[in-house]
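Worksheet: one structure, shown below.
Only heavy atoms go into these numbers, but all of them, side chains included; no hydrogens, no water, no symmetry mates. Residues take their numbers from the sequence shown, with the count starting at 1.
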Amino acid sequence: ERRVIEPRKKQQDAGSTRDRILITNSEIAQPNSIPPLVSALKTCAHQNAATFHFPGHNRGRAAPSSLVHLIGLKPFIHDLPELPELDNLFSPEGPILEAQKLAAKLFGSSETWFLVGGTTCGIQAAILATCSPGDYLILPRNSHISAISAIVLSGVIPKYIIPDYDCLWDITAGVTLSQIEKAIEELHMEGQKAGAVFITSPTYHGICSNLTDISKLCHSYEIPVIVDEAHGAHFGFHPQLPSSALQQGADLAVQSTHKVLCSLTQSSMLHMSGNIVDRERICRCLQTLQSTSPSYLLLASLDAARAQLSEKPGSIFNNALDLAIETKNLIGNIPGISMLGTLGFSNFPVIDPLRLTFGFWRLGLSGFEADETLYSDQGVISELVGTRSITFAINLGTCRDHIQRLACGIKNLSEASLLSFEKIKGQIEDHCGSAPFTDITMCLNPREAFFARKRKVAIGESLGKICGELICPYPPGIPVMIPGETITKKALEYLVLVKNKGATISGASDPLLNSIVICDV
């Protein structure tokens, strides 16, 4: 567990003052009208009612004291079940329907659904709504774990695209039009047609694919386009930001409203455009996947985040974008620090300006080592740590004091760790390779492998066997091994490498990687 850090007093005082100003301004600024779901929740919570319904804390009367001391009573008072006045998530007719319609208007969709199971739930619903068992799904091999779980649930067959990979950064990019076209043609030669094309744009590092051309191509074959836009809910709301997936012609886009926008963690939205996808099937899939006891705090936070964005849709990101530029200027010229740009990914000229990734290999440091030092020195907490880099998310709540602490921490790293050019050169040359999943062989489809009989073997005995578990470093949650694939030396070595550098290995029955589960077929 990380200990609580007390930054230098001068920094703390300055930061506290600025943070108090931010909070005060936020409290003073009132929306023109209360969002419909927020209003309904407020009205219900303030009823003088004799309550004989769930949840058991009974509007805070029996709330656990330890949590009350932490967050107060208000969250419990507003933690209400599906009362008639609050509408029903699966057949909305009142405030939920109104809130979803307002969101659809803002984001430019024909229909929007609120999600309380995160973007994971939306991705699963999108794939189940467009693909039937035995259909093919074209998707990049670096898709999020939720897409793989959707493949298991739906019984579709994955047609993987191997994304561009930069060995210097140990980062994968998006997919190109030619890769999608090749996958469609290969399926056509086999007498098959894709049920859908699934694309992650932007990636966790902010790298964007050309969805406009890809959407046009797929629609010429009447294939729907699903976009995992978890990290792009802010796209399209400023001239300096990339266009959104819907603006580029996607049929379904799933956004984590809680990431760059300001809803509560776990709340997301699913947007639909066009008429290729059956909306009734989406509704059925969501009812299958989502909780029948949705949190109205999460739902109301989606409505509130939408209202917040609606107040200043063209200028709300001005300050965040200015701070991102300031951060690049402060850090970009520090000796030994590399900054991710489009030069390494010539096929992907667009990167989210609010997602900043800095490399530390020229200092002889892994991302994990640099991250620990930044935390202990300046109390900096990053968004994503990799083997060679760290990614920092700039958002609406970012303040200048935090930017300055980040820059100060990286400058201190540089001064303490800068190596000679010869040592740097050797490290760069030694690292360069290829993505850990470039030579995959699928012996069983993920659903078959999920239900296959399994056994555990020592990791040294697993080479060439069929993987029986989904193993990925987390974050970002991109699987290195997927059930049904042949276990390769490259994949094993990569997992051991990132584990030794400090990554958390998710999905493995043995997190120490001394053994691995294989399919006993």
Gap separating the [atom1] atom of [X] from the [atom2] atom of [Y], nearest 0.5 angstrom:
| X | Y | atom1 | atom2 | answer |
| --- | --- | --- | --- | --- |
| His231 | Lys259 | NE2 | NZ | 4.5 Å |
| Thr387 | Leu497 | OG1 | CG | 6.5 Å |
| His234 | Leu396 | NE2 | CG | 9.5 Å |
| Ile138 | Ile226 | CD1 | CD1 | 11.5 Å |
| Leu128 | Ile123 | CG | CD1 | 12.5 Å |
| Thr327 | Gln404 | OG1 | CD | 9.5 Å |

* Evaluate the ring planes of Phe392 and Phe358, with Trp represented by its six-membered ring, and classify them as parallel (under 30°), tilted (30 to 60°) or perpendicular (over 60°). =>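 Rings of Phe392 and Phe358: tilted, 30 to 60°.
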Any carboxylate oxygen within less than 4.0 angstrom of a Lys/Arg side-chain nitrogen, looking at [X] and [Y]?
| X | Y | value |
| --- | --- | --- |
| Glu326 | Arg400 | yes |
| Lys501 | Glu369 | no |
| Glu311 | Arg306 | no |

Backbone of [Y] reached by a side-chain donor or acceptor of [X] within 3.5 Å:
| X | Y | value |
| --- | --- | --- |
| Asn500 | Val496 | yes |
| Asp213 | Asn210 | no |
| Glu485 | Asn445 | no |
| Ser220 | Leu217 | yes |
| Ser263 | His258 | yes |
| Ser338 | Gly359 | no |
| Thr203 | Ile207 | yes |
| Gln290 | Val116 | yes |
| Thr398 | Ile394 | no |
| Ser417 | Ser414 | no |

Short side-chain donor-acceptor distance under 3.5 Å, [Y] and [X]:
| X | Y | value |
| --- | --- | --- |
| Ser509 | Glu469 | yes |
| His271 | Gln255 | yes |
| Tyr160 | Asn142 | no |
| Asn319 | Asp322 | no |
| Ser146 | Ser149 | no |
| Ser256 | Thr119 | yes |
| Asp352 | His205 | no |

Locate the shortest heavy-atom distance separating [X] from [Y]; write the atom from each residue and the value.
| X | Y | answer |
| --- | --- | --- |
| Cys208 | Phe235 | SG-CE2, 3.7 Å |
| Ser382 | Asp371 | OG-OD1, 2.8 Å |
| Ile325 | Gln240 | CD1-OE1, 4.3 Å |
| Pro163 | Ala173 | CB-O, 3.6 Å |
| Gly122 | Leu115 | CA-CD1, 3.6 Å |
| Pro242 | Pro353 | CD-CD, 4.0 Å |

When you compare the side chain of [Y] with that of [X], does any pair of heavy atoms fall below 4.5 Å?
| X | Y | answer |
| --- | --- | --- |
| Val254 | Asp228 | no |
| Tyr136 | Val156 | no |
| Gln179 | Val175 | yes |
| Thr357 | Ile351 | no |
| Lys159 | Glu186 | yes |
| Asp251 | Met272 | no |
| Arg141 | Pro479 | yes |
| Ile459 | Leu492 | yes |

* To do: Measure centre to centre between the rings of Phe107 and Phe237, then say whether the value is under 6.0 Å.
  =>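 Yes: the rings meet the under 6.0 Å criterion.
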* Asked: Taking the six-membered ring for Trp, are His238 and Phe317 ring centroids under 6.0 Å apart?
  ->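 Ring-ring flag for His238/Phe317: false, centres at least 6.0 Å apart.
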Is it the case that atom [atom1] in [X] sees more than 12 heavy atoms from other parts of the structure closer than 6.0 Å?
| X | atom1 | result |
| --- | --- | --- |
| Glu190 | CD | yes |
| Lys193 | NZ | yes |
| Asn329 | CG | yes |
| Phe368 | CZ | yes |

* Asked: Given the rule in the side chain to side chain contact (heavy atoms under 4.5 Å, CB included) test, do Val227 and Leu252 qualify, once you have shown the distances and angles that lead to the verdict?
  -> CA-CA 6 Å; Val227 179; Leu252 294 172; over 6 Å; no
* Could you go through the side chain to side chain contact (heavy atoms under 4.5 Å, CB included) check for Asn395 and Leu354 one step at a time? => CA-CA 7 Å; Asn395 52 49; Leu354 296 183; over 6 Å; no
* Test side-chain hydrogen bond (donor to acceptor under 3.5 Å, both in side chains) applied to Thr391 and Arg355, step by step -> CA-CA 7 Å; Thr391 299; Arg355 198 62 53 92; over 6 Å; no
* Asked: When you look at Tyr494 and Asp170, which way does the side chain to side chain contact (heavy atoms under 4.5 Å, CB included) test go after all the steps?
  -> CA-CA 11 Å; Tyr494 183 81; Asp170 191 22; 3.0 Å; yes
* Does the pair Ile516 and Met481 meet the rule for a side chain to side chain contact (heavy atoms under 4.5 Å, CB included), with working shown? -> CA-CA 11 Å; Ile516 193 169; Met481 292 186 188; 3.6 Å; yes
